[in-house]
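Step one of this worksheet: look at the structure below.
Atoms considered below: every heavy atom in the structure, side chains included; atoms not considered: hydrogens, waters and symmetry mates. It should be emphasised that the depicted structure is a prediction, and the values quoted were computed from it without experimental measurement. By convention in this document, chain letters (A, B, ...) are assigned in the order of the sequence lines, proteins followed by strands, and residues within each chain are numbered from 1.
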Protein chains: 2
Amino acid sequence: MVSQRGEGETTTTPAEAADKERARAIPEAAVARLAVYLRVLSGMAESGVTAVSSEELSQAAGVNAAKLRKDLSYIGSYGTRGVGYDVEVLVSHIERILGLTRNHSVAVVGIGNLGHALANYGGFPGRGFPVTALFDVDADLVGIPVGGIPVNHIDEITAICLEREVSIGVIATPPPAAQSVCDRLVSAGVQCILNFAPVVLQVPDNVEVRKVDLAVEMQILSFHVARRADEAASVSVGNNGLGVDGMVIRP
Amino acid sequence: MVSQRGEGETTTTPAEAADKERARAIPEAAVARLAVYLRVLSGMAESGVTAVSSEELSQAAGVNAAKLRKDLSYIGSYGTRGVGYDVEVLVSHIERILGLTRNHSVAVVGIGNLGHALANYGGFPGRGFPVTALFDVDADLVGIPVGGIPVNHIDEITAICLEREVSIGVIATPPPAAQSVCDRLVSAGVQCILNFAPVVLQVPDNVEVRKVDLAVEMQILSFHVARRADEAASVSVGNNGLGVDGMVIRP
DNA sequence: TACCGCTTGTGAACGCATGCACAAAGTCGG
DNA sequence: CCGACTTTGTGCATGCGTTCACAAGCGGTA
Ligand SMILES: NC(=O)c1ccc[n+]([C@@H]2O[C@H](COP(=O)([O-])OP(=O)(O)OC[C@H]3O[C@@H](n4cnc5c(N)ncnc54)[C@H](O)[C@@H]3O)[C@@H](O)[C@H]2O)c1
Ligand SMILES: NC(=O)c1ccc[n+]([C@@H]2O[C@H](COP(=O)([O-])OP(=O)(O)OC[C@H]3O[C@@H](n4cnc5c(N)ncnc54)[C@H](O)[C@@H]3O)[C@@H](O)[C@H]2O)c1
């Protein structure tokens, strides 16, 4: 939509220019939360809710109310004191800041277990991320449609990514293939990569990589179990009976 | 150096007690990285590498060398100055800190696109996370084995989780079902939950939740694309030629 | 219009995490 | 046995992110 990102302050509206400058200053952590607020707000809008206070929204998003207000303040002052926020207004401003005013075409590479799930998932197109290309090295898969999109051979990746203006590449290949797939995506001009393979990817500075590592997530959970078990042990043994139920006594 | 506050020394060995006390102090961010180091180190061990310096390991893990050393220092001093770290030793210490010395049984709830992929994935059991139970509400799925494990009906979740000592529950149901599934997992004694459904789960304090939200990941990538585009525009037009290549000029 | 109560937006303080820089501590060659 | 070289472990400064607390601002009410 709009935002023909023209030049500096001469042709853009003051509001747009202000947004651009602000975008640079938004903390990474706040960006992630803004995406969550957006989802919650979208849900509210669908339910017919038109206004919301920082307290309500923060509850629904599972964060501290002050943090929520600060996060929203990064994108501008669109609330009304004494009242709250207009849901629609907030949605459109967050969408603008997150760059969701245009679609981002997605390519999935590696159509195995995970690739199939991603290709079949209906949740992305509706949120502005249409999956427009699938790639695999396996000749048996090439040509077969998955989730409505036919699989192409990995060797066609450059041509097809350029043609379909892919802006996000998703890597769902086995670990050994990930770096080479990544390199090919990068040389096809893809600047955003979401990596499911448990390997550290090397990319140029102008490419943004985010990784999803399920084994790491589970290990973090495991750490917390262990920590909790230790704490419980300390309380019951170390404090020698002073601690009742699970409460930690010492500060 | 070693942190007081411990009285646990009476029943545990000093080394164990020291670990337990340290575990409490490890920053969350460092825990996530330790899991990455562990994966890299395991790969090195398999390749026959026996020793590694902080510089090498940090390269392989994609982090700053000083940060890596600090992370490792949280779990103790197991390096040799002038030489580096023994791979095996480091692996075993990280595993101990992360609580990986025992297996953590995993249950997957919601055997749809994503649930199938998870159940079929061979990478978890090898890392100490055997998938031991699958649940779905769909009668057509119940009884059918996926990845070698038969699917059970969701109503059996409490009994089976207790019986198989499930410690991690993975939620891969549609969003509306997620909270109720979560509640059932919690009442079955599961204290760790990995949630793929795009909803904020409410849980008691003694339960740890981690979420994987792919739409949020993509939106973060989208934000960076937009920011980059804006910067490019500012530099080429706003600064009126003063900025060459991608460098940001104004602070 | 003037007041009241409510909610936002933000300055300021705090706490956590990162990265630097270097002393301490070890190896290895001679 | 010594001295040069290498690499760890960490004190310290810096920057980022979170939280508190409250003035400013707005709608409603009399
Ligand atoms: N399935 C899961 O639940 C899961 C969980 C965690 C991590 N992962 C990771 O995600 C990745 C994919 O997992 P999966 O279970 O789907 O694996 P999979 O083996 O089922 O699928 C991998 C696919 O990638 C294709 N492929 C291999 N080399 C390729 C290349 N060079 N170019 C293009 N395609 C290529 C294969 O033909 C295959 O279709 C792996 O790295 C895995 O570690 C998967
Ligand atoms: N598939 C993906 O790639 C993907 C990507 C991002 C997010 N997600 C999220 O992951 C979740 C699962 O996605 P999916 O594509 O596998 O969905 P899906 O519809 O294919 O599968 C959902 C499964 O959950 C089962 N189910 C429904 N209610 C249940 C209940 N109360 N108890 C137990 N099982 C129940 C259904 O029978 C079905 O088998 C969704 O929340 C989705 O938003 C999926």
- Query: Tell me: CD of Glu28(B) to P of dA17(C), nearest whole Å?
  - Reply: 9 Å
- Task: Side chain of Ser53(A) only, please: which of dC20(C), dT18(D), dT7(C) is the nearest?
- Result: dT7(C)
- Task: Please state how far atom CG in Leu72(B) lies from atom P in dA17(C), giving the value in whole angstrom units.
- Result: 16 Å
- Of Arg33(A) and Ser54(B), the one whose closest DNA chain D nucleotide lies more 5': Ser54(B)
- Would you mind reading off the distance between Tyr37(A) atom OH and dT8(C) atom P, rounded to a whole angstrom? 13 Å
- Please state how far atom NE2 in His93(A) lies from atom C1' in dT8(C), giving the value in whole angstrom units. 15 Å
- Message: Could you walk me through whether Ile193(B) and Val186(B) satisfy the side chain to side chain contact (heavy atoms under 4.5 Å, CB included) test, starting with their C-alpha distance in whole Å, then the side-chain angles of each, then the deciding distance to 0.1 Å, before giving a yes or no?
- Response: CA-CA 9 Å; Ile193(B) 289 175; Val186(B) 169; 4.2 Å; yes
- To the side chain of Lys67(B), which of dA17(C), dT18(C), dA21(D) is closest? dT18(C)
- Please confirm whether any donor atom in the side chain of Lys70(A) sits under 3.5 Å from an acceptor in the base of dG9(C), or the reverse. no
- Can you check whether Tyr74(B) reaches Val31(B) side chain to side chain, under 4.5 Å on heavy atoms? no
- Item | Ile94(A) vs Tyr78(A) side-chain heavy atoms within contact, under 4.5 Å | no
- Task: Look at Asn64(B) and dC20(C) and indicate whether a side-chain polar atom (N or O) is within less than 4.0 Å of OP1 or OP2.
- Result: yes
- Determine, stepwise, if the pair Tyr37(B) / Asp71(B) fulfils side chain to side chain contact (heavy atoms under 4.5 Å, CB included). CA-CA 10 Å; Tyr37(B) 306 153; Asp71(B) 288 345; 2.6 Å; yes
- Task: Calculate the interatomic distance between Leu34(A) atom CG and dG17(D) atom P; express it in whole Å.
- Result: 13 Å
- Item | Spacing of Glu55(B) atom CD relative to dT8(D) atom P, expressed in whole Å | 9 Å
- For Arg81(B), what residues pass the side-chain hydrogen bond (donor to acceptor under 3.5 Å, both in side chains) criterion, not counting sequence neighbours? none
Grab the N/O contacts between the protein and nucleotides 25-30 of chain C below 3.5 Å, and write none if there aren't any.
none

- Task: Would you indicate which nucleotide in dC22(C), dT18(D), dT8(C) comes nearest to any side-chain atom of Arg69(B)?
- Result: dC22(C)
- Item | Per Tyr85(B) side chain, nearest of listed nucleotides dT18(C), dT8(D), dT19(D) | dT8(D)
- Message: Taking the nucleotide of DNA chain C with the nearest heavy atom to each, does Ala66(B) or Gly79(A) sit closer to the 5' end?
- Response: Gly79(A)
- Item | Steps toward salt bridge (Lys or Arg N to Asp or Glu O under 4.0 Å) verdict (Glu28(B), Arg210(B)) | CA-CA 12 Å; Glu28(B) 184 80 12; Arg210(B) 293 194 62 89; 3.3 Å; yes
- Query: Leu68(A) has an atom CG; how far is it from atom P of dC20(D), in whole Å?
  - Reply: 14 Å
- side-chain hydrogen bond (donor to acceptor under 3.5 Å, both in side chains) between His104(A) and Gln219(B): does it pass, once the steps are laid out? CA-CA 9 Å; His104(A) 295 268; Gln219(B) 287 169 5; over 6 Å; no
- Distance, rounded to the nearest Å, where Asp71(A) contributes CG and dT10(C) contributes P: 13 Å
